[in-house]
Amino acid sequence: MATRDYTTKRQSIVNALVVKLKTIDGTSGFLSDVSDNVSPRLKFWDEVEDFPAVHLNAGQETREYQGGGFKDRYLNITVRCYVNEEDAVDALDKLLEDVETVIEDNSSLAYTDRQGATQATHQISIVSIDTDEGVLEPLGVGEILLEVRY
């Protein structure tokens, strides 16, 4: 099979983020434990059975063409966080803080592309964080929108 210069890295980046988010295990300063409950596929709150949970979904991808044949790719990723606790707002805040910590600590994220080569993102930025603000208590749903430049 010939090597392709122009392939999407969408799922490879999502999978690498899943591995990093699974380090949220309630130890080493983490306030939550989702080590066994992070998925590279988005589920809606009524489909989630185990809490707390984190699910990711790759969204729109755009390109910015630079001089000299270079281009930057921008990938939007939605990170949805779910909790089911008596004080859902507090539990969700803790989980979102843990996720934000992992994202900030891994802004330049190593991943393996489809050809098996190790690549790295240039930057992962948090665009927004939104929650249900306790409307669904004892369930809590939060969403972090990421922009990944690679």
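The first residue of the sequence shown is numbered 1, and numbering continues consecutively from there.
Considering only heavy atoms from C-beta on, Leu75 stays 4.5 Å or farther from Arg73 through its side chain. Contact annotation: the side chain of Val34 never approaches that of Leu21 to less than 4.5 Å [non-hydrogen atoms, C-beta and beyond]. The shortest distance between side-chain heavy atoms of Leu56 and Pro40 does not fall below 4.5 Å. For the pair Leu17 and Leu146, the minimum side-chain heavy-atom distance is below 4.5 Å. Using a 4.5 Å cut-off on side-chain heavy atoms (C-beta onward), Asn37 and Val54 make no contact. Glu100 has its side chain out of reach of Leu96: every pair of non-hydrogen atoms, C-beta onward, lies at least 4.5 Å apart. With a 4.5 Å cut-off on side-chain heavy atoms, Lys9 and Val148 do not count as touching. Side-chain contact check for Leu109 versus Tyr150: every heavy-atom pair is 4.5 Å or farther apart.
Separation of atoms OG (Ser39) and NE2 (His55) is listed at 5.0 Å; rounding is to 0.5 Å. Atoms CG and CZ, from Asn57 and Arg10 in turn, are 8.0 Å apart once rounded to the nearest 0.5 Å. Summarising the geometry, atom CD belonging to Gln119 is positioned 4.5 Å from atom CG belonging to Asp113; distances are rounded to the nearest 0.5 Å. Once rounded to the nearest 0.5 Å, the distance linking CG of Leu95 with CD1 of Ile24 reads 6.0 Å. With values rounded to the nearest 0.5 angstrom, Glu97 atom CD is found 10.0 Å from Ile129 atom CD1.
A chain of hydrophobic side-chain contacts below 4.5 Å, direct or via other Ile, Leu, Val, Met, Phe, Trp or Tyr residues, connects Val18 to Phe30. Note on Ile126 and Leu31: separate hydrophobic clusters, where clusters join Ile, Leu, Val, Met, Phe, Trp and Tyr whose side-chain heavy atoms are under 4.5 Å apart, directly or indirectly. Ile77 and Leu145 fall into different hydrophobic clusters, defined by Ile, Leu, Val, Met, Phe, Trp and Tyr side-chain heavy atoms under 4.5 Å apart, directly or through other members.
Just one residue in the list Leu139, Asp132, Leu136, Val141 forms a side chain to side chain contact (heavy atoms under 4.5 Å, CB included) with Leu92, and that residue is Asp132.
For the pair Ala120 and Ser108, the tightest heavy-atom approach, listed with the atom from each and the gap, is CB-OG, 4.2 Å. Heavy atoms only, all atoms of each residue included: Val38 and Lys22 are closest at O-CE, 3.6 Å. Of all heavy-atom pairs between Ser107 and Gln123, the closest is OG-NE2, 3.2 Å. When all heavy atoms of Ala110 and Ala16 are compared, the pair lying nearest together is O-CB, 3.6 Å.
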Evaluate the side-chain contact (heavy atoms from CB on, under 4.5 Å) criterion for residues Val102 and Thr23: first the C-alpha distance (whole Å), next the side-chain angles of each, then the deciding distance (0.1 Å), finally the verdict. CA-CA 8 Å; Val102 169; Thr23 64; 4.2 Å; yes

Could you go through Thr121 and Tyr111, starting from their C-alpha distance and side-chain angles, then the distance that decides it, and tell me whether this counts as side-chain contact (heavy atoms from CB on, under 4.5 Å)? CA-CA 8 Å; Thr121 62; Tyr111 63 93; 4.0 Å; yes

I'd like to know whether Lys94 forms a salt bridge (charged side-chain N to carboxylate O under 4.0 Å, His left out) with Asp98, so could you lay out the CA-CA distance, the side-chain angles of the two residues, the decisive distance to 0.1 Å, and finally the verdict. CA-CA 6 Å; Lys94 289 176 182 176; Asp98 287 342; over 6 Å; no

Mind running side-chain contact (heavy atoms from CB on, under 4.5 Å) on Gln11 and Val14 for me, showing each step along the way? CA-CA 5 Å; Gln11 199 57 47; Val14 168; 3.8 Å; yes

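By the neighbour-count criterion of 12 heavy atoms within 6.0 Å, atom CD of Glu47 is densely surrounded, having more than that number from other residues, nucleotides or ligands. Within a 6.0 Å radius of CD in Glu86, no more than 12 heavy atoms belonging to other residues, nucleotides or ligands are found.
Side-chain atoms of Thr131 come within 3.5 Å of backbone atoms of Glu133 as a donor-acceptor pair (strictly under, hydrogens ignored).
For the residue pair Ser128 / Asp130, no side-chain donor-acceptor distance below 3.5 Å is found, with atom types taken as modelled.
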